[in-house]
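Each chain gets a letter, A, B and so on, in the order its sequence line appears, and its residues count up from 1. Values in this document were obtained by computation on a predicted structure and should not be read as measured data.
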Amino acid sequence: MPTPAEILQERLSDALQLLGFHPIAPIQVAPTADPIHGDYQTNIAMLLAKEVRGNPRDLASRIAEKTNVGDIGDPPEVAGPGFINFRLGVEFLAREVGAIARDSKLGVQAVPQPKKLIVEFSSPNIAKPMHVGHIRSTILGDAIARVARFVGHQVITDNHLGDWGTQFGKVIYAWKHYREDGALESDPMGELVRLYREADTRAKEDPSVLEECRLELVKLQQGDPENLEIWQRCAGLSRAEFSTIYEMLGIRFDEQLGESFYHPELPGMVERLLAKGVATESQGAIVIFDTEISETPFIIRKSDGGFGYASTDIATLEYRMQKWNPDGIWYVVGAPQQLHFRQLFGAARRLGYQVDLEHIAFGSILGEDRKLMRTRSGESVPLRELLQEAIDRAGKLVDEKNPALPKEDAAEIAKIVGLGAVKYAELSQHRMTDYVFSWSKMLSFQGNTAPYLQNAYVRSRAIFRKLDQAFELPGTIVLTEPAERTLAKKTLRFAEVVPSVLDGFKPNVLANFLFELAADYHVFYEQCPVLTAEGSAKASRLLLCDLFARTIKTGLELLGIAVPERM
RNA sequence: GCGUCCGUAGCUCAACUGGAUAGAGCGUUGGCCUCCGGAGCCAAAGGUUGUGGGUUCGAGCCCCGCCGGACGCACCA
């Protein structure tokens, strides 16, 4: 079923045909900023007036006159410099609300042309701790993948693990010299991290250690059995650690092909690029120059014969094209790597790949001092500890607000609220802004936070627990109160907002919508008693409550956030 | 130096891709509980959108110049 905006678009399109216009660009129909201008508006008359050098208001009147909206609402009005405003009528609203209430997807339609998309996100480095820096990619990527699936795309998520980098020389060196088996047993990941740091600091002090680390790496890459075994054990331990975090976060990947997976392909790939004339030799390295992008080259083989991540990323691209032939590959990776991706995409173009490549960049997470978030000792905050703290803090809050809850339920709720708070803090913000991490703000029950939205859901569900009979969708829907209409209109917009998340990759658009929806629900809740109402008023209000609950639940799920039934 | 991103209320952030009087939350001030969860609602105060030009019916958004910040610029990912 089309959304209100789409219906209006179609009617406008018909009117323009009658008047002899054939606009190429889609007709913009946007919700109005202020309800005094109605519910939806279009600026099409002003755009066309510019083209034909006519008077925008006159043109707007002619278009308005020919636009048939008798079954939708009031006759369109011309206002301001040439806007055409539309107001949705009560009958139309009731009809539409009834329709989306019967739709499992709440009116969200499948895209006309489903695409096959690969979404690469999270991508932590093995043998390094997963820290706050990874959380943005993880949460953002997951949300985008969920939305893309929901609107009908075929999505393959891939965790592009950094399991073959230079850091492994250090890890292996330290493994051989400083390993403590007891610690490895009790806290494997902690020990791995300790080993890496140990080698890292020693290498900085002593060039000979650095050289030995390099040699260990070379041995590994040449297939030395001992180093290979150490690498495999480290990789196994890291993956296990990552899995527990992903499980905690409710995130699943279709593929987890690490960089090591592509390693055997690298020499052949470099030869191919040389043969095609895409790559050239420079200062002993094999590089791709594209001065339109940057003076510095894209290094696909180092002068010492080794491979960096530029090479792996090209090999990965080739593999994906061969295996899946996708329409798009989306990389959810931090903004500092913009140059890398511009170069990668440039290389892909030269290789003749026809695929939509997107770097979905994002800003950094700052501490409350507005500097990159660190622990007191100056290290990056381990993700696992951060998530546990979120759960603990949420647990305390839930305990304060609702001490009567059974212990087991309280623990489950703490998890839902705590993790939801962390995710929502990310996703409610424009992805490019560096955002300030604040426990008190994200866990507040007021304002634009996950707990506020979850609580709105819980309140709406509480009504149904008090209901003495099963809820059934009513045949007739009455919307007499302004608060009912406002809520109904907002709910209809869900189907417009969800697909729009993908243009510009902005989950914060959905988050902000859910916040507005919850606010509208609270006004409705305040002004329209449900259980004490009677007849079709009661039935209609129950329907609004149910529809609200489903919408906020579905919306939060698209952001990867769960809702509790009580809290 | 070159490049990318950014600069909006005291603070944290929006602004549907160029639309009407720039909106929320927190904080501040003042109201609302015989009623479904007050974890809520209503109202007020708070702005020359860093700055100077330009483009046009119309600019927070596009173009140019400054100021201020973050990040990146040949073999680490």
Side-chain angles (χ1 to χ4, degrees), chain A residues 5 28 30-34 36-37 41-43 46-47 49-50 55-57 79-83 85 123 125 128 162 164-167 259 282-287 293-304 306-310 312-313 333-340 342 361 363-364 366 370 372 397 400-402 428-430 432-436 438 440-441 444-449 451-452 454-456 458-467 493 496-497 500 503-504 506 508-509 511-513 515-516 519 522-523 525-533 541 545 566-567:
Chain A
Q28 269 195 38
T32 56
D34 191 321
I36 64 166
H37 297 126
Q41 64 173 0
T42 179
N43 59 3
M46 291 180 285
L47 296 179
K50 187 176 265 182
N55 179 308
R57 281 196 63 112
F83 290 104
N85 295 333
S123 312
N125 289 323
K128 283 191 189 171
W164 199 253
T166 318
Q167 80 270 21
E259 292 178 327
S282 170
Q283 295 178 26
I286 307 299
V287 304
I293 294 170
S294 167
E295 295 300 315
T296 58
F298 201 49
I299 297 170
I300 59 170
R301 193 176 75 199
K302 301 188 281 182
S303 50
D304 67 359
F307 302 101
Y309 83 144
T312 340
D313 271 357
V333 181
Q337 298 194 36
Q338 254 160 159
L339 177 59
H340 169 76
R342 289 183 62 201
S364 335
L366 308 177
R370 293 227 57 129
L372 275 185
L397 283 172
E400 269 171 40
K401 303 278 190 189
N402 201 347
S428 59
Q429 215 134 145
H430 188 108
M432 284 310 288
T433 59
D434 291 346
Y435 96 98
V436 177
S438 161
S440 61
K441 276 179 185 157
S444 169
F445 286 82
Q446 294 143 14
N448 192 4
T449 66
Y452 172 88
Q454 287 166 329
N455 178 59
V458 166
R459 286 180 98 183
S460 71
R461 297 299 303 156
I463 289 175
F464 290 91
R465 283 198 294 273
K466 297 219 167 169
L467 199 61
R493 291 218 50 229
E496 295 166 9
V497 169
S500 78
D503 45 55
K506 286 157 58 169
N508 66 305
V509 170
N512 292 338
F513 167 79
F515 177 61
E516 286 175 21
H522 276 132
V523 174
Y525 185 89
E526 201 82 15
Q527 293 178 5
C528 306
V530 178
L531 293 176
T532 53
R541 287 174 184 180
C545 289
R566 300 163 202 259
M567 65 192 282

>> If you assign each of A:T532 and A:L47 to its closest nucleotide in RNA chain B, which residue comes earlier from the 5' end?
In response: A:L47
> Should the ring pair A:H340 and A:F298 be called parallel, tilted or perpendicular, given that the plane angle runs from 0 to 90° and is split at 30 and 60?
Replying inline: tilted
>> What's A:V523 touching, base or sugar-phosphate or nothing? Going by heavy atoms closer than 4.0 Å.
In response: sugar-phosphate
>> If you apply the rule side chain to side chain contact (heavy atoms under 4.5 Å, CB included), what do you find for A:N43 with A:L47, and how did you get there?
In response: CA-CA 7 Å; A:N43 59 3; A:L47 296 179; 3.8 Å; yes
> With both distances kept under 3.5 Å, what pairs with B:A59, Watson-Crick or G-U wobble?
Replying inline: none
>> What's A:V287 touching, base or sugar-phosphate or nothing? Going by heavy atoms closer than 4.0 Å.
In response: base
>> Expressed as a whole number of angstroms, how long is the span from A:R493:CZ to B:A15:P?
In response: 13 Å
> So does A:S364 reach the base of B:A70 with its side chain, donor to acceptor, closer than 3.5 Å?
Replying inline: no
> Expressed in angstrom and rounded to an integer, what is the separation of A:Q41 atom CD from B:G18 atom C1'?
Replying inline: 12 Å
> Does A:F83 lie flat on the base of B:A20, that is, centres under 5.5 Å apart and planes under 30° off?
Replying inline: yes
>> For a side chain to side chain contact (heavy atoms under 4.5 Å, CB included) check, start with the C-alpha distance between A:F513 and A:E496, then their side-chain angles and the critical distance, and finish with the verdict.
In response: CA-CA 10 Å; A:F513 167 79; A:E496 295 166 9; over 6 Å; no
> Between B:C26, B:A74, B:G3, which one does the side chain of A:R342 approach most closely?
Replying inline: B:G3
>> Using a 4.0 Å heavy-atom cut-off, does A:G306 contact any base of the nucleic acid, only the sugar-phosphate backbone, or nothing at all?
In response: nothing
>> Rounded to whole Å, how long is the line connecting atom CD1 of A:I36 with atom C1' of B:U21?
In response: 8 Å
>> When the C1' atoms of B:A24 and B:A43 are compared, how many Å lie between them, rounded to an integer?
In response: 16 Å
> Which part of the nucleic acid does A:A79 contact within heavy-atom distance under 4.0 Å: base, sugar-phosphate only, or nothing?
Replying inline: base
> When the distance from NZ of A:K50 to P of B:G58 is rounded to whole Å, what number comes out?
Replying inline: 9 Å
>> Can you work out whether A:A310 or A:D34 has the more 5'-proximal nearest nucleotide on RNA chain B?
In response: A:D34
> If pairing requires Watson-Crick or G-U wobble contacts with both distances under 3.5 Å, which nucleotide is the partner of B:U12?
Replying inline: B:A24
>> For A:H430, is there any backbone N or O sitting under 3.5 Å from a side-chain donor or acceptor partner on A:T433?
In response: yes
> Which heavy atom in A:S364 sits nearest to a heavy atom in A:L372, and how many Å separate them?
Replying inline: CB-CD2, 3.5 Å
>> Using whole Å, what does the distance between atom C1' of nucleotide B:C35 and atom CZ of A:R541 come to?
In response: 12 Å
>> Starting the side chain at C-beta, find the nucleotide from B:G72, B:A77, B:C13 nearest to A:P336.
In response: B:G72
> Phosphate oxygens OP1/OP2 of B:C13: is one of them under 4.0 Å from a side-chain N or O of A:Q429?
Replying inline: yes
> B:C13, B:C41, B:U12: which one has an atom nearest the side-chain heavy atoms of A:K441?
Replying inline: B:U12
>> Measure CD1/A:I463 against C1'/B:G40 and give the value in whole Å, please.
In response: 13 Å
> Given atom CD of A:Q527 and atom C1' of B:C35, what is their separation to the nearest angstrom?
Replying inline: 14 Å
> Is the base of B:U51 syn or anti, where syn means the angle lies within 90° of 0?
Replying inline: anti
> At under 4.0 Å, does any side-chain N or O of A:S294 touch on OP1 or OP2 of B:A74?
Replying inline: no
> According to a strict under-4.0 Å criterion, is A:Y452 in side-chain N/O contact with OP1 or OP2 of B:C41?
Replying inline: yes
>> Looking at B:A15, I'd like to know if its phosphate oxygens (OP1 or OP2) sit under 4.0 Å from a side-chain N or O belonging to A:N508.
In response: yes
> What does A:P451 touch in the nucleic acid at a heavy-atom separation under 4.0 angstrom: a base, only the sugar-phosphate, or nothing?
Replying inline: nothing
> How is A:G308 classified with respect to the nucleic acid when contacts are heavy atoms under 4.0 Å: base, sugar-phosphate, or nothing?
Replying inline: sugar-phosphate
> Which nucleotide, B:C42, B:A74, B:U17, lies nearest any side-chain atom of A:T296?
Replying inline: B:A74
> Should B:C33 be called syn or anti, with syn set as within 90° of 0?
Replying inline: syn
>> Stacking between B:A14 and A:H430, yes or no? Criterion: centroid separation under 5.5 angstrom, plane angle under 30 degrees.
In response: no
> For A:D434, which contact category applies under a 4.0 Å heavy-atom criterion: base, sugar-phosphate, or nothing?
Replying inline: sugar-phosphate
> Taking a pair as Watson-Crick or G-U wobble with both distances under 3.5 Å, which nucleotide is matched to B:G3?
Replying inline: B:C71
> What nucleic acid atoms does A:M432 come within less than 4.0 Å of, heavy atoms only: base, sugar-phosphate, or nothing?
Replying inline: sugar-phosphate
> What's the closest nucleotide to the A:T433 side chain, out of B:A77, B:C41, B:C13?
Replying inline: B:C13
>> Regarding A:Y435, tell me which of base, sugar-phosphate or nothing describes its non-hydrogen contacts under 4.0 Å with the strands shown.
In response: sugar-phosphate
> Looking only at side-chain N and O atoms, does A:Q338 come under 4.0 Å of OP1 or OP2 in B:C5?
Replying inline: no
> Base, sugar-phosphate, or nothing: which does A:A285 touch, judged by heavy atoms less than 4.0 Å apart?
Replying inline: base
>> Any strand counts, and the cut-off is 3.5 Å on both contacts for Watson-Crick or G-U wobble. Which nucleotide pairs with B:G46?
In response: none
> Which part of the nucleic acid, if any, lies within contact of A:N85, taking any heavy atom under 4.0 Å across all strands shown: a base, the sugar-phosphate backbone alone, or nothing?
Replying inline: base
> Picking from B:G25, B:C13, B:G40, which would you name as closest to the side chain of A:F515?
Replying inline: B:G25
>> Applying a 4.0 Å non-hydrogen cut-off, can you work out what A:E516 is touching in the nucleic acid: base, sugar-phosphate, or nothing?
In response: nothing
> Once you round it to whole Å, what is the distance between C1' of B:C61 and CD of A:Q28?
Replying inline: 13 Å
>> On the side chain of A:E526, is there an atom forming a donor-acceptor pair with the base of B:G40 - under 3.5 Å, no angle test?
In response: yes
>> At 4.0 Å (heavy atoms only), tell me whether A:H37 reaches a base, stays on the sugar-phosphate, or touches nothing.
In response: base
>> Does a side-chain N or O of A:K506 approach OP1 or OP2 of B:A15 to a distance below 4.0 Å, or not?
In response: yes
> Reckon A:E496 touches a base, only the sugar-phosphate, or nothing at all at heavy-atom distances under 4.0 Å?
Replying inline: nothing
